[in-house]
Amino acid sequence: MTTALLEHLNPAQRQAVQAIDGPVLVLAGPGSGKTRVLTHRVAYLIEQVGVDPFNILAVTFTNKAAREMKERLEALVGAGRAAALTIGTFHNVCVRILRRDIVHLGRERDFAIYDADDQQRLMRRVLKDLNLDEKQYPPRAIQGRISSAKNELVSPQEYARYNRASYYEEIVFRCYERYQALLREANALDFDDLLIETVRLLDQHPPILEKYQDRYVYLMVDEYQDTNRAQYVLVKQLAATRRNLFVVGDNDQSIYAWRGADIRNILQFEDDYPEAQVILLEQNYRSTQAILDVAQAVIREGAQQKHAKQLWTENGAGVEVTIHEGYDQNDESGWVADEIARLVAGGEYHLGDCAVMYRTNAQSRVLEEALMLRGLRYQIIGGTRFYERKEVKDVLAYLRLVHNPFDSISLGRVLNVPPRGIGTRTEETLNRWATELGVPVYQALRELATEEVTSPFNGRTRNALLAFLQTVDELIAVRRQHNLVALIDTILERMQFREALEREHGPEEGTERWDNLMELRNVAADYINLPLEAQLATFMEEVALVADIDVLDAEKDAITCITLHQAKGLEYPVVFLIGLEEGLLPHNRSLDEKDKLEEERRLLYVGATRAKQRLYLLYAFRRTSYGRTNTSTPSRFLAGIPQELLKQPARRQTTAAPQSSMFTQRSGYGPAASSSRAHGKTARSNSSRKRTPAGPTEVSFFPGQQVRHHLFGEGIVISSKLVEGDEEVTVNFPDKGQKCLLASFARLEPVD
DNA sequence: GGCTCGATCTTTTTT
DNA sequence: AGATCGAGCC
């Protein structure tokens, strides 16, 4: 077993797996088997060194990574021993510690976790309390400042001490203080609090710190380059006595500085732990040489950094990386869709082998249209995530309120959902009144019910509020006796959610939103076997900490559409990177700072290194954003790639194609007019794409024919022609206008 | 208190 | 271009 553990590892990986004592820094290039090293090291610790899995802690950044690691370890050491390991995200691990020991900070253990949306609402409330104008002090901006301060472990008091410079900062300080006070009053922690409260707990209570130091004898941290100050300190605290700290990371893949990640944490690891072993993993098992060459060209063009790795592979040269200019974003996405269709038609790839990556979520929309038009299955990761849909959050807010009625933010959220005649005016008055009384809103409602206080409400409003209070109390009673699903059903029924959704959004969208609630109900059903008291809390905790990427379905045979950030850690046989233009990648907001610019470069590097066999780089000649159309310039990062590494495909004829002069007048990549590197040499010279047309040999649709499309309805065929093993049908739909469809994907049906 | 219309802003990236 | 937000009206 032990030899088997080491058998399939290269010397560097083996060295890492066998580095047991003391601090170890593993710098792992993309595709170099770092997950393999992590899992095998854990297995090695258990099997060979005889470490109790109970004493091992492994921290990742996403639940998905944690889950995968756990699954692999179940296979390696058996489910029983794997279950004793602590594997989770930073936030996860912190929640576990806090649930156990937060009482030592004078707080209750059943705290709620506030997400970005809740934070926003809370900040609004803060501004109202402090009589500040949202226009002048945007809640998001203030909240951002506070979040950064928290990530740096700066308390409100310290913030005030170090930021006396401007009036604005004085305001931020006051908001910060109030914000924390309100969180506390609601018995809630926001995402940042989960980390910093844990640090504070361990800092202020040495016996507790000792307890965890004794337990977690072996520490491992994945994606170490993404740790922020708070996470760094937490790791340091836990590892202080044993110093068995094993971190894995890649400074070339650091893309989260904007979220507070500090690249110095990894670069200065050897300063923090002078006795550290440093191991470089440079052999890449994922990509072809062609792909690696392009990726390396992109990253090495940037400033040379410490521990520059030189990636190599035995995978062979592979297919050349393709670069393509679309006319506009529609043409760009259309080209991608067509190319995927061709690859799949060729039989070499499945839809599930393909991924399209982009800088901003907004880009997914056009892409989605192009894929839908051709009937290609896809899954979009991110954007509006399930747990952020309004109706879902509304029901979750009810659940949170039932769990903890003092959660004023959740209360405010559902006070008039569905509409029950309690408007913004009343809500404001209620909030102000509660603030005056110095109690949570729920408590204020209670006071209102006693009839012993003078309240600012007239009879009608008062009745509406009391009816709401009664509803909440009833739900709390239901929760004590019935399981989670029954509780949700009661909420939905009692509030007439379905009817309200249909009234507000119409029958079609209303049903769609209702289905989302049914999906939430399905998820909740997984929790009803837990003890009654634990169901709600466990459910909400897990719901609060899910990320988009956690729901990615790798098994599904569908094209994956995903942001570059979320794509980190994934791999696909075929990868398309779209929107490689100035202003998009690098993004406009990153242009003014060198560090930000370099982070954008790394983003492209991360994207490129996701590809195993085929990589496509795309940009558009013109692009519409904010409702404005502008010509765009290819990304400066493309300029560093030697032309001979890239292939320009022959232009495919599409009905929407504009005059070709638009393409030929372009003068090379990069922001300025660097005319030295024209498309010239490779452009148009590459028509050598060999295809074995498995498609139709004659057209099956005719002009004038009536057809039906599953999305566009009925239409009239304008023309049809054979194109590259497929039939391209142009159809005019009365509602949607003229569309050019591929017969093999569009599922067109003749109508007689 | 709720509705309609126009103005305004949006797009970084997320645990 | 589309969504959200606010002012003004019912």
Side-chain angles (χ1 to χ4, degrees), chain A residues 59-66 88-95 113-117 119-120 124 134-135 138-140 144 147 150-151 189-196 222-223 226-228 230-231 254-261 329-330 357-366 369 381-385 387-388 390 415-416 418-429 458 460-461 464 503-504 541-550 562-568 579 583-591 596-597 599-600 602-604 606-607 623-629:
Chain A
V59 189
T60 61
F61 269 80
T62 65
N63 293 306
K64 179 169 178 287
T89 63
F90 269 105
H91 292 84
N92 240 310
V93 170
C94 287
V95 169
I113 300 168
Y114 275 10
D115 67 11
D117 190 56
Q119 289 177 304
Q120 184 91 351
R124 286 226 156 95
E134 283 194 12
K135 285 265 152 47
R140 279 187 58 176
S147 184
K150 284 185 166 187
N151 282 330
L189 301 187
D190 69 12
F191 277 143
D192 304 320
D193 284 341
L194 296 178
L195 300 172
I196 64 176
D222 193 12
E223 307 280 14
D226 288 336
T227 48
N228 63 27
Q231 290 160 338
S254 153
I255 53 174
Y256 283 110
W258 56 273
R259 200 170 80 184
Q329 66 259 52
N330 297 313
M357 302 174 185
Y358 36 80
R359 178 64 231 268
T360 67
N361 278 309
Q363 291 168 261
S364 66
R365 195 147 157 177
V366 174
E369 280 169 22
I381 309 300
T384 39
R385 61 188 95 177
Y387 290 109
E388 279 176 13
K390 183 178 180 298
L415 191 58
N416 196 33
R420 56 168 76 83
I422 304 177
T424 47
R425 186 75 179 281
T426 305
E427 191 197 336
E428 249 172 61
T429 313
N458 63 32
R460 212 173 103 188
T461 314
R503 204 178 320 124
E504 196 177 345
E541 178 169 318
E542 292 184 21
V543 158
L545 296 176
V546 280
D548 292 325
I549 190 68
D550 298 335
I562 193 169
T563 64
L564 289 164
H565 280 91
Q566 300 207 94
K568 191 166 70 160
L584 219 40
L585 188 76
H587 194 274
N588 269 327
R589 302 200 180 188
S590 308
L591 295 178
K596 288 187 177 173
L597 207 55
E599 183 153 313
E600 300 283 306
R602 293 194 291 270
L603 212 38
L604 176 53
V606 166
R623 183 172 296 272
T624 307
S625 49
Y626 301 105
R628 260 193 159 61
T629 302

Starting from the C-alpha separation in whole Å, work towards a yes-or-no answer on side chain to side chain donor-acceptor pair (under 3.5 Å) for A/Asp192 and A/Ser147. CA-CA 7 Å; A/Asp192 304 320; A/Ser147 184; 2.8 Å; yes
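For the pair A/Asn588 CG and B/dT13 P, the interatomic distance rounds to 13 Å; values are reported in whole Å. Distance A/Arg623 CZ to B/dT10 C1': 16 Å, rounded to the nearest Å. Taking atom CZ of A/Phe90 as the reference point, atom P of B/dT14 lies 19 Å away to the nearest angstrom. Between the CZ atom of A/Arg460 and the P atom of B/dG1 there is a distance of 8 Å, rounded to whole Å. For the pair A/Ile422 CD1 and B/dG2 C1', the interatomic distance rounds to 14 Å; values are reported in whole Å. The nearest whole Å value for the distance from the OH atom in A/Tyr256 to the C1' atom in B/dT13 is 7 Å. The distance from atom CD of A/Gln231 to atom P of B/dT14 is 16 Å, rounded to the nearest whole Å. Spacing between atom NE2 of A/His565 and atom C1' of B/dT13 amounts to 4 Å, rounded to whole angstrom units.
The phosphate of B/dT14 (OP1 or OP2) has a side-chain N or O of A/Gln566 nearer than 4.0 angstrom. Distances shorter than 4.0 Å separate some side-chain N or O of A/Thr426 from OP1 or OP2 on B/dG1. For A/Asn416 and B/dG1, the shortest distance from a side-chain N or O to OP1 or OP2 is not below 4.0 Å. Checking the phosphate oxygens (OP1, OP2) of B/dT14, a side-chain nitrogen or oxygen of A/Asn361 falls inside 4.0 Å.
The two residues A/Leu584 and A/Arg623 make their nearest non-hydrogen contact at CD2-NE, 3.6 Å.
Rounded to a whole angstrom, the distance from the C1' atom of C/dG6 to that of B/dT11 is 22 Å.
If you check B/dT15, B/dT14, B/dT11 against the side chain of A/His587, the one that comes closest is B/dT11.
Contact check on A/Arg259 versus A/Asp226 returns no salt bridge, with no Lys/Arg side-chain nitrogen under 4.0 Å from an Asp/Glu carboxylate oxygen. One finds a salt bridge joining A/Arg602 and A/Glu599 here, because a Lys/Arg side-chain nitrogen approaches an Asp/Glu carboxylate oxygen to under 4.0 Å.
A search for salt bridge (Lys or Arg N to Asp or Glu O under 4.0 Å) contacts involving A/Glu223 returns A/Lys34, A/Lys568, not counting sequence neighbours.
A stacking contact links A/Trp258 to B/dT13: the aromatic ring centre lies within less than 5.5 Å of the base's six-membered ring centre, and the planes differ by less than 30°.
Nearest-nucleotide mapping onto DNA chain B: of A/Arg420 and A/Leu603, the residue sitting toward the 5' end is A/Arg420. Of the two residues contacting DNA chain B, namely A/Glu427 and A/Gln119, the nearest-nucleotide position lying further toward the 5' end is that of A/Glu427.
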I'd like a list of close polar pairs between nucleotides 1-10 of chain C and the protein, N/O only, cut-off under 3.5 Å.
from, atom 1, to, atom 2, distance (Å)
C/dA1, N6, A/Tyr626, O, 3.3

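Taking the six-membered ring where the residue is Trp, the centroids of A/Phe61 and A/Phe90 are separated by under 6.0 Å. Aromatic pair A/Trp258/A/His587: ring centres not closer than 6.0 Å.
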